Protein chains: 2
Amino acid sequence: MQSSTPAGRAGRPRSAAADTAILAATRAALVDLGWSKLTLGDVATRAGVAKTTLYRRWAGKNELVVDAVAELFDELELPDRGSLADDIEGVVLQFAAILARPEARSGLMAVVAESTRDDALRERIRTSIVERQKRLVLEGRARAQTRGELPPEPDAAEAARTADLIFDMVAGAVVHRTLVSAEAANGDWVRSLTQVLLWGLTSRPTDPADPDDA
Amino acid sequence: MQSSTPAGRAGRPRSAAADTAILAATRAALVDLGWSKLTLGDVATRAGVAKTTLYRRWAGKNELVVDAVAELFDELELPDRGSLADDIEGVVLQFAAILARPEARSGLMAVVAESTRDDALRERIRTSIVERQKRLVLEGRARAQTRGELPPEPDAAEAARTADLIFDMVAGAVVHRTLVSAEAANGDWVRSLTQVLLWGLTSRPTDPADPDDA
DNA sequence: GCGCTTTCGCTACGCGTCGTAGCGTAATGC
DNA sequence: GCATTACGCTACGACGCGTAGCGAAAGCGC
């Protein structure tokens, strides 16, 4: 986020209600118009605020949509379903359900596209969306380790690399399936994905990062 | 593509050179300006053609960029490197190299974003990019089967589903790694990815699509 | 060669959005 | 009450969009 109380001092405080109204209006506009036809003037009208107010809080369309979309992914949870496989399937289905919503589809990909030429924007996406949800991988692994389904990781750096790999594979596969291949990430598909992932991670006889076994 | 000879009959033929010049100019503009600041007027100037000529051939920015980017992915090849693991690593590294180029980064993600609200555009992407490169998966699997690294697939429908899953996982993971996580898909990472994928696919004791083993 | 057909380059236009400036007003803290 | 900041509103120049209309060029069939 970026508002709350600006910092220390006096003057009229920024309306917190305006923030939520603007972000909700942005999502509504994404549903109705999509990214390309979304205009800040329209968002301002929907939110019931002046266009200048919007520009005082966000630098432009990119930053606004990042914040509007980021809130969607905070819904993700990782309830204990008893096994690592079921945990993975559950969270992947949640992720797929979010990506099925039009405000997430068009908004997320568009800002990622813009972020390829805007380092500040990419960092904003990373901190407010990606890194924020990487907790799910860490939590799931830790839970699986206490269950005994995964061995403890002695090397912290290697553990971090593996977590990043898993995140990229899961998130990337679901995004590619739903947005590029344009097919639903239904139960069957998620089960297959989980199967491949689980077997690939658990049945390693040797350390894959070790070059002498390749 | 969409031009060549319009169809049957007389009149001045469309300049094939103009097509290639326009697509090259589009990629150059993507490098210099990115998707959002790319204008069709600028592309026309770079290509040395009139803006009206451009509109006679492409409906808009989306279709133009799809065609311009699609040509990049036709470079992908699958040379026989002796083993399935090496084949996978080779093609993934090629794919990553293409995605490292700025014209592919911003262009591809942007049109995918637009395609979430434009079925015709999504179909254009699928036929001219996605389905076109799925050949790599099929070819790699066939080669691995003749090597004896993979068992033959009795069920054709199941084989197609598996190929789609692999494609979504590989393409999605590389895209997510390079564009969202913004880290290079270098040799170490590709080896880890291949390792997980290979173990996940080969060490299944039973049919994962069969519900009675779940 | 000659005419028919289609493309091409060019200019000009109305339309919509952008992002900002300026001003008066509203809501706080001290 | 007074300084300070946020807000709503209006107006503005700039720019890209996508199209229309024109004369000229480049092929094909005869």
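Since this is a predicted model, take the numbers as computed values, not measurements. Letters A, B, ... are given to chains in the order of the sequence lines, protein chains preceding strands, and every chain is numbered from 1.
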Practice task
Would you mind telling me which of C:dC8, C:dG19, D:dC9 lies closest to the side-chain atoms of A:Ala50?
Solution key: D:dC9
Problem - Parallel, tilted or perpendicular: ring planes of B:His176 versus A:Phe167, cut at 30 and 60 degrees - result: perpendicular
Exercise for the section: Show your working on salt bridge (Lys or Arg N to Asp or Glu O under 4.0 Å) between B:Asp168 and B:Lys134 and close with a plain yes or no. Expected result: CA-CA 10 Å; B:Asp168 284 331; B:Lys134 205 167 276 182; over 6 Å; no
Practice task
Establish, with yes or no, whether the OP1 or OP2 oxygen of C:dC8 is under 4.0 angstrom from a side-chain nitrogen or oxygen of B:Arg12.
Solution key: no
Problem - Interatomic distance where CG belongs to A:Leu54 and C1' belongs to C:dT20 [whole Å] - result: 14 Å
Problem - Distance below 4.0 Å between B:Thr53 side-chain N/O and C:dG9 OP1 or OP2 - result: yes
Completion exercise
Separation of D:dG16 atom C1' from A:Lys61 atom NZ, nearest Å, is 13 Å
Exercise for the section: Report yes if some heavy atom in the side chain of B:Val111 is under 4.5 Å from a heavy atom in the side chain of B:Lys61; otherwise report no. Expected result: no
Handout entry: Rounded distance in Å - CG (B:Asp42) to C1' (D:dC17)
Key = 14 Å
Problem - B:Trp58 vs B:Asp19 side-chain heavy atoms within contact, under 4.5 Å - result: yes
Practice task
Mind calculating the distance between CG (A:Asn62) and P (C:dC18) to the nearest angstrom?
Solution key: 12 Å
Exercise for the section: Would you kindly give the CG-to-P distance between A:Leu38 and C:dG16, to the nearest whole Å? Expected result: 17 Å
Problem - Integer-rounded Å distance: C:dC18 P and B:Lys37 NZ - result: 15 Å
Completion exercise
Quick note, B:Arg56 side chain, CB onward, closest among D:dG8, D:dG18, C:dG9 is C:dG9
Exercise for the section: Could you tell me whether the side chain of B:Arg105 reaches within less than 4.5 Å of the side chain of B:Met109, counting heavy atoms only? Expected result: no
Exercise for the section: Using atom CH2 of B:Trp58 as one end and atom P of D:dT19 as the other, report the distance to the nearest whole Å. Expected result: 16 Å
Exercise for the section: In whole angstrom, give the distance that lies between atom OH of A:Tyr55 and atom C1' of D:dA6. Expected result: 18 Å
Practice task
Would you kindly check whether a donor in the side chain of B:Lys51 faces an acceptor in the base of D:dG18, or vice versa, at under 3.5 angstrom?
Solution key: yes
Practice task
Report yes if at least one side-chain N or O of B:Thr52 is closer than 4.0 Å to OP1 or OP2 of C:dG9; otherwise report no.
Solution key: no
